[in-house]
Trainee: 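Starting off with a structure, shown below.
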Amino acid sequence: MEIPKKISPDRIKESFVEVRYESQIPFSALVGIFYSHLDSTYTYTNRGDGAAPVFMFYNEKIKIELNAGIIVFNCLNEYLSWPVYKYEIEKALIQLTKNDVIDKYFRIGIRYVSEYPNMDIQELCKFNFSFGLPDIKSDTVLFRSDFKFEGYRAILNLVHMLPHVINDDEQEIVPITKIDIDIIDDNDSKTLEEILIRMDNIHNKEKELFFSLLKDDFLKTLNPVY
Amino acid sequence: MATPAINIFIDERPENVRFNQTGCYVSFAQDYSTVSNIHTSMLNKRFIRLYTAASNQFKEIYGTSPKLNIKETFERSIDKVIKTHPDAISIELTSEKSLFFTVKKEEYTFFLQYYYEDVEEDDDEAIMTIYKNQEKQPSYAGKLDNTVSKIKQIPTYNSPKNQW
């Protein structure tokens with residue numbers, strides 16, 4: 001199928017990119033090394049109690065969360081588009097991994113969550129769900145599938161009309177439908193160049209699966225640009 | 001209560017997502033997902049927004065970034081307040097060297113003032129005024145931990161609109 005380069009609105013709520021790595025340096029020391037490597041456009045902060053702090057860096061566009069052996073990127077505000085977002089990830093990774101502090105990269109995951117207020121999942125998605133009582137119409141559906149997808153592991157979460165509060169003043173509760181796609185590559189890489197290529201490939205699979213799920217009529221409403 | 005200084009920052013939707021009992025972002029045992037706890041990640045985003053707002057207001061007032069001890073006090077207090085899982089939250093820096101939080105949760109509004117200058121975690125002070133709808137409730141003063149525990153006592157899923 002032909003995959004759009006852009007849709008508008010994109011409805012992307014979360015856009016996680018996770019890189020898992022191996023290092024001989026203890027994580028507590030690595031946080032300090034990362035701090036010294038990053039330029040002054042990044043702000044360091046941490047939250048949580050002493051037992052389980054969350055170490056974070058952020059600039060105007062992205063945030064970076066550090067856990068032992070895991071670096072997680074996410075757009076700080078609205079989605080940036082993949083070329084801009086990937087540039088931000090690459091820029092941060094080049095700085096973080098200076099002086100060969102990382103020995104090996106292995107798993108990479110990209111997870112996008114898109115949200116559609118007040119929309120029936122069957123209007124936007126090729127999805128059917130029924131069980132032993134076919135006359136029942138579910139108010140809310142939560143569906144999770146974990147499967148192999150062209151050499152990658154995919155985890156698909158579909159949510160139909162889950163109520164969320166969207167207006168604080170009125171306490172307005174609106175049912176939200178979500179498409180949550182997680183594509184995971186479990187291979188190993190030694191170099192940053194390799195993982196950047198792998199990221200592009202995973203992102204392409206993410207798009208492929210996402211657009212395969214959408215109904216043609218609904219896709220047309222998103223103003224696709226090919 | 002002190003008069004808020006400048007630049008009110010309000011953290012609203014879409015980050016402020018409420019999860020009901022059947023929320024999709026539950027933790028699966030040994031979850032293989034990228035970002036196994038998406039809720040924590042969203043909480044971190046909210047934390048960064050509030051922390052950035054407080055730091056920027058500090059720079060505007062004092063012309064410099066907060067020193068390490070004040071930075072840590074900001075981080076610690078913001079973390080404690082966002083863990084009350086409010087529907088909406090705003091932060092302001094006051095001229096009395098305090099952080100002024102406005103927290104909305106269900107039908108309650110909490111105005112929480114926390115003094116950040118020269119405080120130790122074990123010896124801090126917060127003052128909280130509470131409204132239920134428009135009706136004033138008894139105020140509360142004490143350590144920040146005890147004060148936020150009052151907010152936590154408000155059940156998140158209490159609203160009749162949110163019973164499923």
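Convention: sequence-line order gives letters A, B, ...; per-chain numbering from 1.
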Trainee: With distance as the sole test, does A:Glu18 use its side chain to make a donor-acceptor pair with the main-chain N or O of B:Thr34 at under 3.5 Å?
Mentor: no
Trainee: Mind listing the side-chain donor-acceptor pairs of residues 56-71 of chain A below 3.5 Å, one per line with the distance, residues two or more places apart or on another chain?
Mentor:
from    : atom 1 : to      : atom 2 : distance (Å)
A:Tyr58 : OH     : B:Thr52 : OG1    : 2.9
A:Asn59 : OD1    : A:Lys61 : N      : 2.8
A:Asn59 : OD1    : A:Ile62 : N      : 2.8
A:Asn59 : ND2    : A:Glu88 : OE1    : 3.1
A:Lys63 : NZ     : A:Glu65 : OE2    : 2.3
A:Lys63 : NZ     : B:Ser41 : OG     : 3.2
A:Glu65 : OE1    : B:Asn44 : ND2    : 3.0
A:Glu65 : OE2    : B:Ser41 : OG     : 3.2
A:Glu65 : OE2    : B:Asn44 : ND2    : 3.1

Trainee: Go through the atoms of B:Ser55 and report whether side chain, backbone, both or neither lie under 4.5 Å from a heavy atom of chain A.
Mentor: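 Interface part for B:Ser55: neither.
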Trainee: Testing the basics here: between B:Ser33 and A:Arg20, what is the closest heavy-atom pair and its distance to 0.1 Å?
Mentor: O-NH2, 4.3 Å
Trainee: For the pair B:Ile38 and A:Phe16, evaluate side chain to side chain contact (heavy atoms under 4.5 Å, CB included) and give the outcome as yes or no after the intermediate values.
Mentor: CA-CA 9 Å; B:Ile38 201 167; A:Phe16 301 107; 3.4 Å; yes
Trainee: With a 6.0 Å cut-off (strictly less than), is the heavy-atom count around NZ of B:Lys97, excluding the residue itself, greater than 12?
Mentor: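 Count not over threshold, so no.
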Trainee: Which one of A:Ile184, A:Ile183, A:Val72, A:Ile108 has the most heavy-atom pairs closer than 4.5 Å to chain B?
Mentor: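 Option with the greatest count: A:Ile184.
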Trainee: How far apart are the closest heavy atoms of B:Glu75 and A:Thr45, and which atoms are they?
Mentor: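 Result for this residue pair: OE2-OG1, 2.7 Å.
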Trainee: Chain B heavy atoms under 4.5 Å from A:Tyr44: which part of the residue, side chain, backbone, both or neither?
Mentor: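 Contact with chain B involves both backbone and side-chain atoms of A:Tyr44.
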Trainee: Return a table of donor-acceptor pairs under 3.5 angstrom between the side chains of residues 205-213 of chain A and protein atoms on other chains or two or more places apart.
Mentor:
from     : atom 1 : to       : atom 2 : distance (Å)
A:Lys205 : NZ     : A:Glu150 : OE1    : 2.5
A:Lys205 : NZ     : A:Glu208 : OE1    : 3.2
A:Glu206 : OE2    : A:Tyr112 : N      : 3.4
A:Lys207 : NZ     : A:Pro4   : O      : 3.2
A:Ser212 : OG     : A:Glu208 : O      : 2.5

Trainee: What I'd like to find out is whether the side chain of B:Arg49 reaches to under 4.5 Å of the side chain of A:Leu76, using heavy atoms alone.
Mentor: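 No - every pair of side-chain heavy atoms lies 4.5 Å or more apart.
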Trainee: Measure the CG-CE distance between A:Asn74 and B:Met42 for me, rounded to the nearest 0.5 Å.
Mentor: 9.5 Å
Trainee: Give me the one residue out of B:Ile78, B:Leu43, B:Ile48 that meets side-chain contact (heavy atoms from CB on, under 4.5 Å) with A:Arg47.
Mentor: B:Leu43
Trainee: Heavy-atom count around A:Tyr87 OH within 6.0 Å, excluding the residue itself: above 12?
Mentor: no
Trainee: Which pair of heavy atoms, one from B:Lys45 and one from A:Asn77, lies closest together, and at what distance?
Mentor: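 Nearest heavy atoms, B:Lys45 then A:Asn77: NZ-O, 4.4 Å.
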